[in-house]
Structure formats: structure tokens, C-alpha cells
2 protein chains.
Amino acid sequence: MTIATVARRARVSRQTVSNVLNAPHMVREETRERVREAITALGYRANQAARQMRTGRSRLIAVRIEPTRDGVNGSVLDRFLHGLTEAAEDSGYRVMLYTAADPGAEIDAYDSLLGAYDLDAFVLTGTDHGDARTAWLAERDVPFVTFGRPWDNPAETSSPHRAAVPAPHPWVDVDGADGVAQATRRLLDTGHRRIGFLGWPAGSAVGDDRRSGWFTTLRSAGLDPTGLDRAAPDGFTQGEAAARDLLAVAEPPTAIVCASDSLALGALQAVRAPGGWPIGTGGGPEVAITGFDDTPVAQAIGLTSVSQPLAPAAACCMDLLTDVLDGGRRGAADGRHRTDPSLDGGAVRTGGSPTGPGQVLLRPSLVVRQSG
Amino acid sequence: MTIATVARRARVSRQTVSNVLNAPHMVREETRERVREAITALGYRANQAARQMRTGRSRLIAVRIEPTRDGVNGSVLDRFLHGLTEAAEDSGYRVMLYTAADPGAEIDAYDSLLGAYDLDAFVLTGTDHGDARTAWLAERDVPFVTFGRPWDNPAETSSPHRAAVPAPHPWVDVDGADGVAQATRRLLDTGHRRIGFLGWPAGSAVGDDRRSGWFTTLRSAGLDPTGLDRAAPDGFTQGEAAARDLLAVAEPPTAIVCASDSLALGALQAVRAPGGWPIGTGGGPEVAITGFDDTPVAQAIGLTSVSQPLAPAAACCMDLLTDVLDGGRRGAADGRHRTDPSLDGGAVRTGGSPTGPGQVLLRPSLVVRQSG
DNA sequence: TTGTATGCGTTATCAA
DNA sequence: TTGATAACGCATACAA
């Protein structure tokens, strides 16, 4: 069944049917009704392939799914993906998946995807200093939004060689520093004075940001953070080792804020007294532990953790994208609604000129459980 | 750039270029080479939309992603999805996502997806008794494979009204009964004699299957399972309550096999002595607990659990699909390889006529940790 | 406001 | 073995 079938049944030309679908206001009310009836009676739906060939747009957005990897933190991007799929459907888009082992491979994937599918946009996750992906896409005028800020590369900006000012692009992010600050502040409020931090090695944008939340909070409380932080690659075992090291100092911290639930899990193991699990039971030396990401593991074992508003973040990404793709028109063609980012995530639109791309910084929330 | 660009450069007709791409054997070696050179020199890639319009095939497969839902078990389908995306790419396909709140909504989604995108196939997960989705798809000759067996509905098959024999379709599944049996057998070997089972309420195909693995293993060991099992909806709290109930009997079990990691987590909580976590520390009454799915939570807290070979299962699904879609030809058009299901999952091809659709039952493995 | 003609890039049919 | 032509379903420019 094609647009011609509908046209015959409604006794109009194909063009009129097309107009009813794409520019309803150009068709007389009566005719429009007749065509609409024919459409529903026939159960007609426009063929995307044909439409795409004509318009060059596919109503498809691509997002990367990480290679199979087990682990505590893997669920974060998955949850974002769930939210994104739902948000996309609400806006009349579909999500296509691709994999890539590293940023270079990801750019290859863009190339191959774009060559074949006329994708409307990409959603990028996990941005870092001087992200090559955004540069590649921007250069080719491919619409995209990043879940993660465009972290400026300090090395590059200090270089006189080139200004290296990346063109601004729409992004959504969660304020990690604020999340860690919330956790730290709460520990201060609970009476803790020696609060340690267990994070990732310096150099990762997200990791450094989270660490800064702890650092500045202690400083503004008049406390000295010196010597109270340790760094380790993300992971249970690594976290345990680093936490042991941190607890071995002369005056060990009474609480440890961690950059991830994995590290926090390791830290819990480290503070665990022989013969007992310390959470809320008073069975060992009470060291409060907080994690980051509020993964299922944290929920399961009662770990206090910073929760990212992933579904709202995904919805924001789609909103930003539809702003670009549908030229600022509110809502999709078939009248679905837009989510208001300011509603559920404590969203803050920041910076940029009013006509520039949207930038949304979401505030995470602290989920308090038994571990601290 | 189109096929015409390539044709001009190679000094052939468009059709010859098309033949080089789709039926290389029909083109003389010399010409083929010339065309191939032009293709690489130009970096030409076929436009999927145009190809799709002509052939009616999109090289797109659809799979459902569940609505955002936090929880221990959520990761299972996510991990399958990761594997499927990778396997699809290896076969020259892409994965498109959709959501649906229930089977009815899922069928609506099929309808809308099919109307718009000419999808090549669907991958269904979480089959249950008398699955309406498979019937709907089969009726319309839409290719699909299920991750999960086509459980026969006992109520329906006993009805004289209709034979209700579903047309056989390709499927891949993991032998849950065998996984639970492995766990149970290991506990028997370790000396346990009173082994309880904590599962889901009777009626769910997967749940009943897992329970049967425990039941038959105890029976064939000459033990009486009576009174040693409890049922609860999946969840931490529910598992804890049911486990307490199970441990309150006169002669309580010394080990509990659980149908999921969520339930197992609850059970761990139930057997936890006040003041200590019992895993491997001898701090309380030692009751061995095993879970199912080997989720990140299990890995994190040292829970023995049955691990499903999800990546191999996903690869099998794609193999079965390419068998149908590419008409049994080995490998995709561009010469990627097929994974051999018999390699990494302990695959067993079962039943069915040799010419019938493929059916693959994978064997899970037991990951032994401190909890039992 | 409605209808006609044309082209998007590809593959299938058929003739050379 | 290769090439010319038509057709897939839709949207756009333009004519009516």
C-alpha cells in the first residue's frame, strides 16, 4: 500500500495526501478529513525508506553501546540508553546502536554509519579532554549532542599554536562535583572531620571534577584535605587496596567519599572488620563510605551513593536534538510532547548566548543508606 | 556520490557496479577489479535507503529494550543486548531499539515499526507460556528468533478446542534447570543434605523450569524436597521474607538455591547473623546461598551464582537469523565470519527436523564464590 | 487549493 | 558478460 492507494480511496491526488501528512494547513478542512479517514481505514503508514531517500533524513539517531563488559558501573550507560530510547520514541525518533572499542574506532563507525544510513544525529557519551569525536562530527555538520561536558583540554588551550576553541555544541551533563560535594557536606553535618576521597588517577575530566567537589567542600569548611585522598583505576580490588592505604595513615579518615560504586565497594571491604560486615551493625570500626552512580549494587547492599538523573538527562538530550533537527519547532510532527528538563532533574540551563546551542547541567541527588 | 559516480570512473554502467557489489561472480575478473578500485578510491558506500526501497530489506533488526527499571536483574537483558549488537555488526546488520510496557504494547510496536522501517527481523526476549508475540509475527511471516524457548501452554494444549501447536521457530535458550541442578549437585557434593529452593510463584515458565532442576536433583539423590521450597515475587525484600520463612521450619535447610540474584540477596540478608555478614567468615549460622544470573551484584559481594552465556546466546540468535535472512549462505555479503555456537557456550542443538528451524540450548555455568 | 511531472539511488528485467 | 530502462514510494517545484 502506498500513498497512491490512499489517494485513490480519498479521490484526491497523491500530492494532496502528501500535503495532509507534511503540511496539513495547506489542505482544505474537508479534503483533509477525507484523506485522514482513508489513511486510518487503510492503516497506511509512510514508508521511511522512500521518505528518507527524498529528504535525506531518517528519523534515526545513533548511540553507542559499549562492548560487553561486566561490572558494577556498566549499568550507568545502560540506564541512560533506556531513557534515551523512550525519549526518542516520544519525539518520533528511533535509536540505532553501534559499538566501538575506542574513540578512533568510534569515528570509523560514524563514517560507516553515515555512509549507509543517513542518520539524523548522534548521541555521544563519556566525553573527555579534547574529544576528537566532537571535532570530527562538527567538521562535517553532523548534528549531535553529548552526554557529558566538552571538557577543555588544558594542554591544548595553553598552547599558543592554535586557539583550539571547539565550536560550542549542545550538551547535557550531571554535575559530578556537586554530587560529591553533597556527599561530603552530609558527612560534615554528621560530625565527621577527617573525610577521605578515593578517586581515579588525575587526568580524567570526570574524575578530576568529582574530586574537586570533595576538595572545595573540605576547604570551605576550614579543613585541610592534604593527604586524605588516594587514586586508583576503577575497580573493586583497586579500591580496596587504595582504601587500605588511606586507612593506614596516622590519623585515618572516619569517612571516605568515592568516585564510583566500584571503588566504594572495595573501600567497604577494606574497612570491614574481620568476622563482620560493618554496615550499620556496629560490628567493626565505623567508617562511613559513599559511592557514586547509585548502581543496583549500591541499592542491594545499602551503600549511600550519588544518583545521576539519567532518564531526565536522556530526555534533555532528545530535546536538544529536536531543537536542532526540527528547527526549534516545539514537539514532533505528530504532536507528541516535549519533556521539560527543569521539572524532574533540577536542571540548570547555563551559559551560552540565547541563540546558541543548549547546555544543560543537571544536579544529582544523594541517596542515603546504611553505609554512611 | 552514487553508483553512477563509480560507474563513470570505472568506465562501466551502473548495473555492472551493482553486480560487483551484489553478484560479483557475474562480472569478469578484470572489470571487477577496475570497479573495486574505483569504489575504494572514491570511498563509495551503497545508500541503504535506496537499496532498501528497491529490495524491501533494510539490514536492520529490532530488539526491545525494557523501560528504565533499576534492579539487580536488569543487567541480564542489557548484557544480551550488548552481545547482540556486536554479533549483528559482525554479520552486517544493525540493531534498532524499541520499548514496550507489555506484550500487547509490544505487538503494537511491531506493527508500527514494520509499517515504517521494513525491518528484516525481530529478536524477542523473555518468552512465556502461549506467547502472543510469536504467533503475531509468524502469522505475518516476519522473521524472528526468540531468546527463550517457546514454552507450551499446558492449558491450551489440553484444550480440545484447537491443537494450538505453534509453528516451530528458531530459538536460543539457556538451560535454567541444568544451571540450578549444577548448583544443587555441588551443594550435595559439599555435604549438604537439606537444600532448600527459593523461587518465583508457580506459573512462570522460566521459574518453573529452574525449580525443576532443584527438585529432580534432590530426588535422584534419594532426598525428599517436600516442604523445602518457597515462592516469592522477584525482589530483595520478598526474598528475605520467604527465606526467613524457610529457615523457620523445624529442621531448616543448610543451603538455599535461589532462582535469581535478587532473591539470593534477600536470602543472604535473612541468614545474616546479627552483627555480622556470614559470607565465608563463620560469623553466624553457615547457610550456603546460591543465586542465578551472575549479576554484577553477585560478583561484588561474593555470591555463588549460575552464569548464563549471554554473549554466545546473542551470537547464536544472529546466526539463526542470518540462516533465515541470507538463505543459509554462510557469512554476510562482505565476508565477515559467523560465530560457531558450539565453541564458547557448550551449545547443544536439539530436536527438530534437520531442515527445520534451528533450536539451540546453551548450558550455563556455576561460578563458585564465598557464599556457598 | 489541487494536480502533474520529475528525481532521489538502487536493483531487477531484459535485450544486446 | 555488459548495458539500457523501468520501478520502488515519496516529496518538491511548478502549473492549473
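Every chain is numbered from 1, with letters handed out A, B, ... down the list of sequences. Being a predicted model, the structure only gives us computed values, none of them experimental.
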A.B. asks: Expected output is a numbered-order residue list: members of residues 28-38 of chain A with a heavy atom under 4.0 Å from any atom of DNA chain C. What is it?
C.D. replies: A:Arg28, A:Thr31
A.B. asks: What range of DNA chain D does chain A touch, first nucleotide to last, counting atoms under 4.0 Å from its heavy atoms?
C.D. replies: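 Answer, 5' to 3': D:dG9 to D:dA13.
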A.B. asks: How would you list, by chain and number, every residue that makes a ring pair (Phe, Tyr, Trp, His ring centres under 6.0 Å) with B:Tyr44, sequence neighbours excluded?
C.D. replies: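 With sequence neighbours excluded, B:Tyr44 shows a ring pair (Phe, Tyr, Trp, His ring centres under 6.0 Å) to no residue whatsoever.
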A.B. asks: Under the side chain to side chain contact (heavy atoms under 4.5 Å, CB included) rule, collect the residues that match up with B:Thr125, sequence neighbours excluded.
C.D. replies: B:Leu77, B:Phe80, B:Phe147
A.B. asks: Using side-chain heavy atoms (C-beta onward) and a distance below 4.5 Å, is B:Leu21 in contact with B:Ile39?
C.D. replies: yes
A.B. asks: Taking only residues two or more places apart in sequence, or in another chain, which ones meet A:Tyr117 in a ring pair (Phe, Tyr, Trp, His ring centres under 6.0 Å)?
C.D. replies: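 Ring pair (Phe, Tyr, Trp, His ring centres under 6.0 Å) check on A:Tyr117 returns nothing, list empty.
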A.B. asks: Compare all side-chain heavy atoms of A:Asn47 with those of A:Arg51 and state whether any distance is below 4.5 angstrom.
C.D. replies: no
A.B. asks: Hey, what bend do you get for the helix from C:dT1-D:dA16 to C:dA16-D:dT1 if you fit axes on five pairs at each end, rounded to 10°?
C.D. replies: 40°
A.B. asks: Starting at the 5' end of nucleotides 10-16 of chain C, put B wherever the base has a protein heavy atom under 4.0 Å, S where only the sugar-phosphate does, and a dash everywhere else.
C.D. replies: BBBB---
A.B. asks: I need the full list of salt bridge (Lys or Arg N to Asp or Glu O under 4.0 Å) pairs touching residues 131-142 of chain B, with sequence neighbours left out, sorted by first then second residue.
C.D. replies: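 Every salt bridge (Lys or Arg N to Asp or Glu O under 4.0 Å) pair that includes a residue of residues 131-142 of chain B, provided the two are not neighbours, is B:Glu106-B:Arg133, B:Asp131-B:Arg133.
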A.B. asks: Pick out which of A:Tyr110, A:Trp136, A:Phe144 makes a ring-ring contact (aromatic ring centres under 6.0 Å, His included) with A:Phe122.
C.D. replies: A:Tyr110
A.B. asks: Could you tell me which non-hydrogen atom of A:Leu42 sits nearest to which non-hydrogen atom of A:Met1, and how far apart they are?
C.D. replies: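 Residues A:Leu42 and A:Met1, closest heavy atoms: O-CE, 3.4 Å.
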A.B. asks: According to the salt bridge (Lys or Arg N to Asp or Glu O under 4.0 Å) rule, which pairs have a member within residues 15-41 of chain B, sequence neighbours left out?
C.D. replies: B:Arg28-B:Glu30
A.B. asks: Quick test of your reading: applying salt bridge (Lys or Arg N to Asp or Glu O under 4.0 Å), list the pairs with at least one residue in residues 3-19 of chain A, sequence neighbours left out, ordered by first then second residue.
C.D. replies: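 Pairs touching residues 3-19 of chain A that pass the test: none.
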A.B. asks: I need the full list of salt bridge (Lys or Arg N to Asp or Glu O under 4.0 Å) pairs touching residues 107-126 of chain A, with sequence neighbours left out, sorted by first then second residue.
C.D. replies: A:Arg57-A:Asp120, A:Asp111-B:Arg45
A.B. asks: With sequence neighbours excluded, what pairs up with A:Ala88 under the side chain to side chain contact (heavy atoms under 4.5 Å, CB included) test?
C.D. replies: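 Partners of A:Ala88 by the side chain to side chain contact (heavy atoms under 4.5 Å, CB included) criterion, ordered by chain and then number, come out as A:Ile61, A:Tyr93, A:Val95, A:Met318.
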